[in-house]
> 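Below is the structure I would like to discuss, written out as structure tokens.
Sequential numbering from 1 along the given sequence is applied to the chain's residues.
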Amino acid sequence: MQDNATEVTAAGIARLAGVGRAAVSNWRRRHADFPKPVGGTETSPSFALAEVEAWLRKQGKLAEVPLRERVWQQLVGHPEGPVAALIHAGCVLLLIHDRPTVWLDVSAGSDERLAAMLPGALEEVLTPRFGPVTAVNSRRAVNSPRAVTTPRAVNTADAEADGVNTSTPGGPVNTHPAAHPAAHPAVHLPTGPELLPSTPLLRGTAELAAELGARQTFEFLLGRHLDANPRQYTLTPADLADLMADLAGPVRTVLDPACGTGALLRAVTTRADQELYAQDSAPELAALTALRLALHTRAVVRGATGDTLRADAHPQLHADAVLCHPPFNERNWGHDELAYDPRWEYGFPARTESELAWVQHALARLRDGGTAVLLMPPAAASRRSGRRIRADLLRRGALRAVVALPVGAAPPYNIPLHLWVLRRPEKAPTQPEVLLADTGQFAADGRGGPDWRDVREAVLDAWRAFDRAGTLAERPGLARSLPVIDLLDDDVDLAPARHLPPPTAADGAEQLTAVRERLGETLRLTAELTPAPADAAHPARWPLTTIGELARGGALVMRTGGNGGHARVPVLTDHDVLAGTSPSGSLPESDEAAVLVEAGDVVVPVLGGGSMARVIDDATGGAALGRNLVLLRPELTALDPWFLAGFLRGTANNRQASSYASTATRLDVRRLQLPRLPLDEQRRYGERFRALDEFERALRRAGRLGEQLLRGMYDGLTDGTVTPD
């Protein structure tokens with residue numbers, strides 16, 4: 001059933017038809033029968049999806065709107081907003097998942113009958129999974145202004161949202177006591193009038209669930225929503241959630257007091273009689289988490305909405321584990337009104353130490369011997385304002401490990417975040433030690449993220465050995481355990497890198513020897529690739545053509561980059577092209593599809609005034625084209641890619657095609673010239689250009705290895721791991 005009320009933007013129309021937004025603008029100007037706007041604004045109008053679909057089909061531009069796309073457009077065009085629509089869809093998907101025959105019964109007949117019967121059917125499903133549910137203030141809770149004000153941490157894995165944790169933690173809203181009532185259940189029972197506008201969406205969602213399954217359908221819609229709103233969420237990888245859950249171990253009762261969309265709780269290994277507790281100050285995230293967990297597992301799910309530090313929904317809970325990604329650097333966390341809170345067993349946190357308030361909240365909700373794992377900013381390990389609390393956590397054996405993650409593990413990507421592993425003490429240890437680990441060596445180049453497999457193996461191996469024995473032999477440069485007394489100085493600095501020994505002299509020397517051997521091999525290869533002496537020749541007088549003429553004649557396709565699209569893929573930047581490195585960039589999500597490079601494409605930077613062109617290889621193929629880059633895709637029966645790239649790098653060619661502004665030089669790629677040569681002659685030149693490219697890469701590799709050897713020698717000589725002999 002098509003929803004006549006669903007609206008779609010110009011960007012949505014472009015996605016439906018597989019064209020750019022410029023094409024949609026042209027259709028509106030050229031076709032008098034193009035559907036008229038039914039909403040939106042003058043600069044960003046919206047159109048009725050049913051009318052757009054009919055027009056596209058009439059023009060032969062669309063055979064059928066894919067089911068996924070239709071459901072998504074119904075969700076984003078919902079009159080109460082996509083979040084309310086997603087929650088309604090989640091409730092129905094849970095009904096389909098738990099009682100499919102009931103859904104078939106209530107969905108038979110008109111939309112009015114469906115809306116009238118659905119609340120009763122939902123109550124029979126929601127109550128056993130979440131506890132008593134009510135219809136009070138459900139719309140107000142979903143559309144709370146708090147839902148969209150402040151971006152928070154989110155964990156996501158892919159476009160299907162596997163492993164996504166949008167941690168809009170149960171942080172503060174304001175300090176007036178009247179603004180912080182007791183926490184409320186996360187999921188409210190929608191009423192018939194609230195469900196009526198959603199009925200076309202719900203029918204489409206059920207149809208999609210028949211194809212994908214109820215859980216996969218919810219993951220698809222949630223992931224698409226997160227991708228479409230990147231500025232509201234800070235994305236972090238699912239591998240981090242898996243690591244945190246593994247550090248906590250197999251447990252029965254688990255709490256996430258800043259749950260977001262539930263990635264940390266989803267990462268917990270399922271077991272019989274499991275209970276999952278979640279809370280978040282953003283009502284929509286708390287509801288989405290509860291529904292997501294209920295679709296993911298048969299465990300008891302107790303979700304709640306409320307400011308965790310000011311209005312704890314689970315004050316009597318003694319969980320086996322607490323997993324938490326709290327908000328960082330929050331000054332308005334409740335310092336003034338929570339001064340005498342019994343949770344501050346280890347000291348009253350300073351206003352600037354909100355993370356230590358979350359640490360103590362986690363410890364207060366653990367049973368004796370229970371484990372908490374929190375993601376922390378590195379400053380929390382060394383700020384002077386928190387040293388007394390850190391000292392007491394150490395003395396009483398509550399803080400068991402601090403693990404420094406590699407740069408790029410989670411946003412902010414330029415900071416190596418920490419994991420704190422804590423345990424509620426059953427009794428004071430006689431000679432306590434704490435594990436310090438640093439996995440910075442597993443950082444990857446660019447923004448591809450660290451080598452999570454190595455990070456996982458190193459951290460879990462060190463933690464499990466330490467947890468069994470209470471101590472750990474030194475693993476130079478990676479991990480060691482220290483007696484607590486060694487850390488109780490004036491600073492109580494717990495940053496792992498400041499306490500770990502450097503690699504042993506043998507390891508350092510062996511590594512430098514390996515680098516030296518690789519450098520020698522590269523230099524020998526560079527010598528072999530050095531071009532032969534050039535033979536003098538008279539300047540050739542070829543007939544010339546331009547890139548613009550070749551594009552108009554169909555000999556190549558010309559595209560510009562800069563759109564992120566909906567799928568998160570590596571992005572090739574102009575810096576990557578100039579440096580000859582792997583894709584390292586990122587782009588904001590966009591309604592327009594990203595331009596993906598293919599093997600054999602030629603990519604040209606347009607800023608900076610340099611002469612550079614890169615032929616895309618198989619390893620780089622599939623990356624998105626970044627800003628300030630132009631892609632040329634030659635028709636291989638007419639143009640050789642290496643011939644094309646080689647002539648585009650000519651200095652004189654670039655000079656005549658460049659324009660000059662006050663602060664930058666911009667290349668007009670259409671004005672670049674090529675000689676008109678037969679394909680066989682092009683390939684002869686192309687082979688020579690390919691050889692020059694290989695020589696250039698060898699020179700770059702030799703330069704990087706030389707710098708690595710120099711730095712290693714300086715470091716080894718100055719830290720004593722290498723002798724001067």
Side-chain angles (χ1 to χ4, degrees), residues 153 155 165 167 169 236 240-249 254-258 264 267 319 321-330 333 343-347 349 353-366 369-383 385-406 409-410 415-425 432-440 455 458-460 462-464 466-467 472 479-482 484 487 491-500:
N155 297 345
N165 175 29
S167 222
T236 54
L240 182 56
D242 293 335
L243 175 59
M244 293 172 68
D246 286 339
L247 285 169
V254 193
L255 166 68
D256 184 349
L264 293 178
V322 175
L323 302 175
C324 185
H325 181 168
F328 298 160
N329 304 317
E330 288 274 357
W333 57 268
R343 289 172 291 183
W344 315 144
E345 292 183 53
Y346 302 88
E353 295 288 352
S354 62
E355 297 87 3
L356 294 182
W358 285 95
V359 164
Q360 295 190 75
H361 172 81
L363 286 167
R365 294 296 160 262
L366 287 173
T371 303
V373 185
L374 286 85
L375 184 66
M376 302 283 280
S382 56
R383 279 190 299 241
S385 55
R387 66 188 186 279
R388 292 182 180 177
I389 295 178
R390 293 196 299 271
D392 208 30
L393 290 168
L394 291 173
R395 288 191 195 97
R396 297 170 60 180
L399 181 57
R400 306 298 293 137
V402 177
V403 178
L405 297 170
I415 296 176
L417 299 177
H418 289 179
L419 290 177
W420 285 24
V421 184
L422 304 109
R423 183 160 289 158
R424 185 167 181 82
E433 294 191 6
V434 63
L435 173 67
L436 300 176
D438 189 344
T439 59
V455 171
V459 172
L460 293 179
W463 165 249
R464 288 166 180 166
F466 170 78
D467 195 32
L472 183 74
R480 70 183 299 196
S481 65
L482 264 68
V484 164
L487 297 169
D491 295 324
V492 196
D493 191 334
L494 305 181
R498 293 172 185 163
H499 301 283
L500 293 177

> Search all heavy atoms of Glu433 against all heavy atoms of Ser481 and return the closest pair with its distance.
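Heavy atoms only, the tightest pair is OE1-OG, 2.7 Å.
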> Flag the pair Leu422 / Leu366 as yes when at least one side-chain heavy-atom distance between them is below 4.5 Å, and no otherwise.
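The answer is no; the side chains never approach within 4.5 Å.
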> May I ask you to decide if the ring planes of Phe466 and Trp463 are parallel, tilted or perpendicular, using 30° and 60° as cut-offs?
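If you compare the ring of Phe466 with that of Trp463, the planes turn out tilted.
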> Go through Leu419 and Leu375 one step at a time and tell me if the side chain to side chain contact (heavy atoms under 4.5 Å, CB included) criterion holds.
CA-CA 5 Å; Leu419 290 177; Leu375 184 66; 3.7 Å; yes
> Could you tell me whether a side-chain N or O of His499 sits under 3.5 Å from a main-chain N or O of Asp493, the two making a donor and an acceptor?
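A pair under 3.5 Å: yes.
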> Once side-chain hydrogen bond (donor to acceptor under 3.5 Å, both in side chains) is applied, do any residues pair with Arg390, and if so which ones, sequence neighbours excluded?
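Arg390: no side-chain hydrogen bond (donor to acceptor under 3.5 Å, both in side chains) contacts found.
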> Using atom types as modelled and distance alone, determine if a side-chain donor or acceptor of Arg396 lies under 3.5 Å from a backbone N or O of Ala391.
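Not confirmed, Arg396 side chain does not pair with Ala391 backbone.
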> State the CD-CG distance between Glu355 and Leu374, to the nearest 0.5 angstrom.
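The CG atom of Leu374 is 10.0 Å from CD of Glu355, to the nearest 0.5 Å.
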> Can any side-chain N or O of Gln360 pair as donor or acceptor with the backbone N or O of Glu345 at less than 3.5 Å?
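Yes; at least one donor-acceptor contact below 3.5 Å.
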> Does Leu417 reach the side chain of Pro378, with side-chain heavy atoms less than 4.5 Å apart?
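With C-beta onward as the side chain, the pair touches.
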> Which distance, rounded to the nearest 0.5 Å, do you find between the CG of Leu255 and the NE2 of His361?
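Separation between the atoms: 5.5 Å.
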> List in chain and number order the residues that pass side chain to side chain contact (heavy atoms under 4.5 Å, CB included) with Thr371, two or more places apart in sequence or in another chain; answer none if no residue qualifies.
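In terms of side chain to side chain contact (heavy atoms under 4.5 Å, CB included), with neighbours along the sequence ignored, Thr371 is linked to Val373, Val421, Arg423.
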> Tell me the closest heavy-atom pair linking Leu363 and Ala398, and the distance in Å.
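Leu363 and Ala398 have their closest heavy atoms at CD1-CB, 4.2 Å.
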> State whether the side chain of Arg387 and the backbone N or O of Asp491 hold a donor-acceptor pair below 3.5 Å, judged by distance alone.
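No, Arg387 side chain to Asp491 backbone: no donor-acceptor pair under 3.5 Å.
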> Return the CG to CG distance between Leu356 and Asp392, rounded to the nearest 0.5 Å.
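One gets 11.5 Å once the value is rounded to the nearest 0.5 Å.
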> Walk me through whether Ile389 and Glu353 qualify under side chain to side chain contact (heavy atoms under 4.5 Å, CB included).
CA-CA 10 Å; Ile389 295 178; Glu353 295 288 352; 5.7 Å; no
> Return yes when atom CZ of Arg343 has more than 12 non-hydrogen atoms of other residues, nucleotides or ligands closer than 6.0 Å, and no otherwise.
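Enclosed.
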> Taking all non-hydrogen atoms of both residues into account, name the closest pair between Leu323 and Pro257 and its distance.
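That would be O-CD, 3.7 Å.
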> State, yes or no, whether a side-chain contact exists between Tyr346 and Val359 at a heavy-atom distance under 4.5 Å.
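The answer is no, as the side chains (C-beta and beyond) never meet within the 4.5 Å cut-off.
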> Take Ser382 and Arg498, measure what side chain to side chain contact (heavy atoms under 4.5 Å, CB included) needs, and give me the verdict at the end.
CA-CA 11 Å; Ser382 56; Arg498 293 172 185 163; 3.9 Å; yes
> Within this structure, what is the CG-CG distance for the pair Leu243 and Leu460, rounded to the nearest 0.5 Å?
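CG of Leu460 is found 5.5 Å from CG of Leu243.
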> So how far is it from Leu472 CG to Arg480 CZ, rounded to the nearest 0.5 Å?
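Leu472 CG to Arg480 CZ: 10.5 Å, rounded to 0.5 Å.
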> Give me the one residue out of Leu500, Leu494, Leu435, Leu487 that meets side chain to side chain contact (heavy atoms under 4.5 Å, CB included) with Leu482.
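Among Leu500, Leu494, Leu435, Leu487, the one meeting side chain to side chain contact (heavy atoms under 4.5 Å, CB included) with Leu482 is Leu487.
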> Which value, rounded to the nearest 0.5 Å, describes the distance between Ile415 atom CD1 and Phe328 atom CZ?
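The CD1 atom of Ile415 sits 9.0 Å away from the CZ atom of Phe328.
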